[in-house]
Amino acid sequence: MNALKSIALIGLRGSGKTSLGKLLSDTLAYAFCDTDEIFAEKEKQSIAEYVAQNGWNAFREKEEQILLKLPQNQAVISCGGGIILREANRKFLKQAVFTVFLDVPVDVLVTRLEKDMNMAQRPAFTEKSLAEEMQELYAARRALYLDSCTYRLTQHTDMTEEIKLILEQYSDKK
C-alpha cells in the first residue's frame with residue numbers, strides 16, 4: 001500500500017485533520033503525529049501564547065522544523081492549517097508523503113469552530129468575524145493546499161466513508 005508512505009492531512013482549522021487522522025492511524029496501525037500537539041509539548045506553551053510572545057514567523061519556523069523531522073513512513077500526520085505557507089513544507093508534502101487536502105466548505109468550518117472554539121490552541125489572525133476570517137483564509141490558501149496535496153477529499157459527512165475514500169486513493173498511488 002503506497003510503499004507504506006506516511007499520510008499527511010492538510011486543510012484549514014476545523015477541517016477534521018486531528019479527528020480523522022487519529023481514526024486513520026488506528027485503521028492502518030500507523031503512528032499518529034499532530035504538528036500542533038508536538039509544538040505545544042516541545043515549547044511548553046500553547047500556539048497562541050507563543051505567537052503573542054514571538055510572532056507568527058517564529059512559530060512558522062518551529063512548525064517547519066517539526067514537520068521536516070516527522071516520519072516519512074507508516075505515520076499519519078495532522079498538520080497545522082498554515083503549514084502550506086512555507087515552500088519547504090509544501091515540497092515535503094508533495095514529495096515525501098501522501099498528502100490529503102480536507103477541502104471542507106467554509107460554512108461547515110465556521111459551524112464546527114463555533115461549537116469547539118479553543119482560542120488557546122487556535123489564535124485569531126485578524127479582528128474580523130470568524131466567518132470573514134475563514135473565508136479570507138480559504139481564498140488565500142486554497143491554491144497552496146491544492147498544490148501541496150496528492151488527493152483532495154471533498155466528501156465530509158461520514159468519517160468512515162472519508163477513511164474509505166482516502167485508503168482507495170492511497171493504495172492507487174503506489
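Between the side chain of Lys17 and the backbone N or O of Gly11 there is at least one donor-acceptor pair closer than 3.5 Å. Tyr145 contributes a side-chain N or O that, together with a main-chain N or O of Gly81, makes up a donor-acceptor pair within less than 3.5 Å. Side chain of Tyr170 to backbone of Lys5: a donor-acceptor contact under 3.5 angstrom is found. For the pair Ser15 (side chain) and Leu12 (backbone), a donor-acceptor distance under 3.5 Å is present. Checking side-chain atoms of Thr150 against main-chain N and O of Phe98 turns up no donor-acceptor pair under 3.5 Å. Put simply, the side chain of Ser78 never gets that close to the backbone of Asp34: no donor and acceptor are under 3.5 Å apart.
When each of Leu93, Thr99, Leu146 is tested with Ile84 by the rule side chain to side chain contact (heavy atoms under 4.5 Å, CB included), just one qualifies, namely Leu93.
Between Thr18 and Phe32 the shortest side-chain heavy-atom distance falls below 4.5 Å. Contact of the Gln135 side chain with the Leu109 side chain is not registered, since no non-hydrogen atoms from C-beta on lie closer than 4.5 Å. Here the side chains of Tyr138 and Asp103 are in contact, with some heavy-atom distance below 4.5 Å. Side-chain atoms of Lys164 and Gln155, non-hydrogen and from C-beta on, never get closer than 4.5 Å to each other. Considering only heavy atoms from C-beta on, Leu165 stays 4.5 Å or farther from Gln169 through its side chain. Using a 4.5 Å cut-off on side-chain heavy atoms (C-beta onward), Arg13 and Arg112 make no contact. Side-chain contact between Val97 and Leu70 is absent, with no heavy atoms from C-beta onward closer than 4.5 Å. With contacts defined as side-chain heavy-atom distances shorter than 4.5 Å, the pair Arg141/Leu85 qualifies.
To the nearest 0.5 Å, atom CD1 of residue Ile7 and atom CD1 of residue Ile166 are 7.0 Å apart. Of the inter-residue distances, the one linking Glu41 atom CD with Asp36 atom CG reads 11.5 Å to the nearest 0.5 angstrom. Going from atom CG of Leu28 over to atom CG of Leu23 covers 9.5 Å, rounded to the nearest 0.5 Å. Put simply, CD on Glu161 and CG on Leu153 are 9.5 Å apart, with the number rounded to the nearest 0.5 Å. In this structure, the separation between OG1 on Thr35 and NZ on Lys42 is 12.0 Å, given to the nearest 0.5 Å. Put simply, CZ on Arg60 and CD on Glu63 are 5.0 Å apart, with the number rounded to the nearest 0.5 Å.
Nearest approach of Pro71 to Ser6, heavy atoms of both residues: O-OG, 2.8 Å. Summarising the geometry of Leu68 relative to Ala88, their closest heavy-atom pair is CD2-O, 4.1 Å, with the distance given to 0.1 Å. Counting all heavy atoms, side chain and backbone alike, Lys62 lies closest to Tyr50 at CE-OH, 3.3 Å. Ala131 and Val106 get closest at one heavy-atom pair: O-CG1, 4.3 Å. Between Ile38 and Cys33, the shortest heavy-atom distance links the atoms CD1-CB, 4.1 Å.
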Working for salt bridge (Lys or Arg N to Asp or Glu O under 4.0 Å), residues Asp147 and Lys94: CA-CA 8 Å; Asp147 183 53; Lys94 285 195 285 196; 3.2 Å; yes
